[in-house]
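Worksheet: the structure to be examined is printed underneath.
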There are 2 protein chains.
Amino acid sequence: MARSRPTLKDIAERAGVHASTVSRALNPATAHRLSADVVAQIRDAAAALGYRPHGAAASLRTGLSRSVAVVLPDLTNPVFPPIVRGIEETLAASGFIAILANTGNDPDRYAAIFERLMSRGTDGLILASARRDDPIVDRCIAESIPLVVINRTVDRGGVSAVINDDDRGAALAVQHLCDLGHRRIAHLAGPQSLSTGHARSRGFNRAARSLGLAAADLSTVFADTYTRDAGHRAAKRLFRDASQPTAVACANDLLALGCYDALRDVGLRCPEDVSVVGYNDMPFLDLLAPPLTTVRIQHEEMGRQAARILMQHVEKPAQQPFDVVLRPELVTRGSTASLRRSSQVEARSTEPAFEA
Amino acid sequence: MARSRPTLKDIAERAGVHASTVSRALNPATAHRLSADVVAQIRDAAAALGYRPHGAAASLRTGLSRSVAVVLPDLTNPVFPPIVRGIEETLAASGFIAILANTGNDPDRYAAIFERLMSRGTDGLILASARRDDPIVDRCIAESIPLVVINRTVDRGGVSAVINDDDRGAALAVQHLCDLGHRRIAHLAGPQSLSTGHARSRGFNRAARSLGLAAADLSTVFADTYTRDAGHRAAKRLFRDASQPTAVACANDLLALGCYDALRDVGLRCPEDVSVVGYNDMPFLDLLAPPLTTVRIQHEEMGRQAARILMQHVEKPAQQPFDVVLRPELVTRGSTASLRRSSQVEARSTEPAFEA
DNA sequence: AACTTATGTGCAATCGATTGCACAAAGAGG
DNA sequence: CCTCTTTGTGCAATCGATTGCACATAAGTT
């Protein structure tokens, strides 16, 4: 009944030419070597038959699949969807397809995913899941598999990376808090095994030092994952001490949400008692109570760049790796307030806690 | 330098057998037909050489790629990431890979994506982007391409679908508002070209009628897309009239967020002046001001079911299509309040607007 | 002991597209 | 008019894995 898909041979028969000619006619890169009328005839025949190229066959012969894998820890972290969208759109515009895989932060699954992707003939990898010391990255380099790390980078070189200037981003946050008059500032740090956690901590400390903040006024707690829950637990430790900070710079928005949770636990208000800054500017932060001040990164642009660079590596294997470092910016919202204003608000505490 | 990937032939040579034997040894479904020691020897040789199957070659021969495409309107709509995660995890557990594509609600792009996916030898499609009348669905059926629609379904039959009981979900929302004493209830409806928009509107009307609400007290405005912005525009119309509703049941959380925006525009407060209910229970609604009461759907479970069903269709083409209808539940949060309590709060308006 | 059946492995064709090489025809140059 | 290019197309091998068929050997039957 359902006649099977037409092949090049079928088109060739219909157009009265050889299959190889059809192949050349249908490939824009080789079509110019044929006479125009033959090409037209073949195109017509192909259209008439409803021809669809057979990717697997082409892939077998050429060794390329025009598919790229995007590996990330967990898609439900809201920072990733815009990145993935940027990647997917850019790939699609060049006829590439995007394969998606979540590691769930599980090294075994990470390794299994890698194997599966490689045996599926993926042309290259975009890793948003890289740790500073990442065995998969090492393997890709050893096997010269095109690779781009995104958002997070690795300590070793030899890999193209699209990242943010996290050092600077953290500094923006500290500067902002300092401008508002805060001196006892805490850092709710992310996992130090990830370049983002590490770089943001470093940026925090450098900035604090260069602003002349006293070491005794600074404190740092570490969250072991970038989750609201881990942020909650870590932040609790922060508010247990006597030397409570008046401001917290968080390494990530989810951690900041956890910080909100902790503040609520101990009965402190944001921003009246404690200012909070996040990092990433994930969607809908403007609707929170209070709207979260955060460091904005260029999600979609990161994705677009990474896709573009990866395709370069795929199409030109000799391409040397390079980094793209994007500039973050501070987005000021309601979760940060000046010390002065904070105390005023504190004085007349019957006021609505948060205003639009 | 870099010796190319080992093939079955290489393993065969090393193990002193024929390539076909290697193929059988490495395939769990056929390995039992070989003697145990030959299998062991071949496995060792394969491991020693670091063999990785060549998916494209297998795919060419078998016609199956063990890859499934997930097509959705826009990944940055927060309702999708959990669904996609459920899909991807379930597929991965069975050795399938997930290809991701965003249509951006653009019919041309949608069609192009379909062509690209098909020529890539995708085994089947999970469509989260289906309209009630969807040409791509028709084509899949015509070409007997395994297909599952998810979240939204189509009017025509003949397709497996994993959806929610939207009728019931909408009824839960209306019932809740009614229980709180609301009578002038509005419906902020979604696109009627989508089954969700349509079913939720129907559910709203049916429930309102069966609760004995007066037709004059009810009103409906339509948003043309499921976006915060469209919700904002539609909700504005709602509050322009004299006969303002005291409660709004929205067809979607993003529309509800737009409703928040509109309330802010006209200076009405939620929930004191107007109660708002969303739909979907997308992440982080609990952190909004006020936390959004909404109808929760089982995101991940939908994804898991869809993946499971699609794999069934792929592996058993004779499988008849069927529906899975999941049951939604109401999640009560701060955006809804009883009429009585609302007026009380209104009376002493110096109180904090929202409490934890 | 001869004969049937089961079991394990090899052989070779096949999937569909691509591409180096060969070659015919047409045009250019002397 | 003959040779030398250039241009356009065909031929056939190839990519790597799978699988129906054939066949040899071993096991079981009478």
Side-chain angles (χ1 to χ4, degrees), chain A residues 3-43 45-46 49-67 95 116 118-123, chain B residues 3-43 45-46 49-67 95 116 118-123:
Chain A
R3 9 182 330 199
S4 64
R5 280 167 55 159
T7 69
L8 288 191
K9 216 178 205 169
D10 298 325
I11 302 176
E13 257 170 48
R14 193 173 219 270
V17 296
H18 192 266
S20 62
T21 306
V22 177
S23 171
R24 286 187 267 255
L26 263 32
N27 181 343
T30 51
H32 68 278
R33 312 172 130 265
L34 303 185
S35 60
D37 50 339
V38 170
V39 172
Q41 216 164 359
I42 292 175
R43 290 248 168 87
L49 291 173
Y51 172 74
R52 262 204 287 266
H54 194 293
S59 177
L60 175 59
R61 175 65 219 239
T62 63
L64 289 180
S65 62
R66 295 183 79 75
S67 71
R116 187 150 25 92
M118 284 307 104
S119 77
R120 257 357 176 318
T122 305
D123 288 341
Chain B
R3 5 181 333 196
S4 64
R5 280 167 55 160
T7 69
L8 288 190
K9 214 177 206 171
D10 299 325
I11 301 177
E13 258 170 49
R14 193 173 218 270
V17 296
H18 191 266
S20 62
T21 307
V22 178
S23 171
R24 286 186 267 255
L26 263 30
N27 181 344
T30 52
H32 68 277
R33 312 174 132 265
L34 303 185
S35 60
D37 49 341
V38 169
V39 171
Q41 215 165 0
I42 291 175
R43 291 248 168 86
L49 291 174
Y51 172 74
R52 262 204 288 266
H54 194 293
S59 177
L60 175 58
R61 175 64 219 238
T62 63
L64 289 179
S65 63
R66 295 183 81 73
S67 71
R116 187 149 24 93
M118 285 306 104
S119 77
R120 255 0 177 314
T122 304
D123 288 341

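Here is the naming used below: chain letters follow the sequence lines, and residue numbers restart at 1 for every chain.
The minimum heavy-atom distance between A45(B) and R14(B), with the atom names listed, is CB-CD, 4.1 Å. Closest heavy-atom contact between A31(B) and V39(B): O-CG2, 3.7 Å. Closest approach of T21(B) to L34(B), counting heavy atoms only: O-CD1, 3.5 Å. Between D10(B) and P6(B), the shortest heavy-atom contact is OD2-CA, 3.2 Å. Nearest heavy-atom pair, T30(B) versus R24(B), reported as atom, atom and distance to 0.1 Å: OG1-O, 2.9 Å.
Two residues, A56(B) and H18(B), neighbour DNA chain D, and the one matched to the more 5' nucleotide by heavy-atom proximity is A56(B). Between S20(B) and H54(B), the residue anchored closer to the 5' end of DNA chain D is H54(B), taking for each the nucleotide with the nearest heavy atom. Both T62(A) and R33(B) lie close to DNA chain C; mapped to their nearest nucleotides by heavy-atom distance, the more 5′-ward contact belongs to R33(B). Projected onto DNA chain C by closest heavy-atom contact, Y51(A) and S35(B) fall at different nucleotides, the more 5' of which corresponds to S35(B).
Counting heavy atoms from C-beta on, the side chains of M118(A) and T122(A) come closer than 4.5 Å.
Across residues 22-32 of chain A, S23(A), R24(A) each have a non-hydrogen atom less than 4.0 Å from an atom of DNA chain C (numbered order).
With a cutoff of under 4.0 Å to any heavy atom of chain A, the contacted region of DNA chain C is bounded 5' to 3' by dG16(C) to dG20(C).
The side-chain hydrogen bond (donor to acceptor under 3.5 Å, both in side chains) pairs that include a residue from residues 50-66 of chain A are R52(A)-E115(B), R52(A)-E143(B), S65(A)-S67(A), S65(A)-D123(A), where partners are two or more places apart or lie in different chains.
No side-chain donor-acceptor contact under 3.5 Å links R5(B) to the backbone of G50(B).
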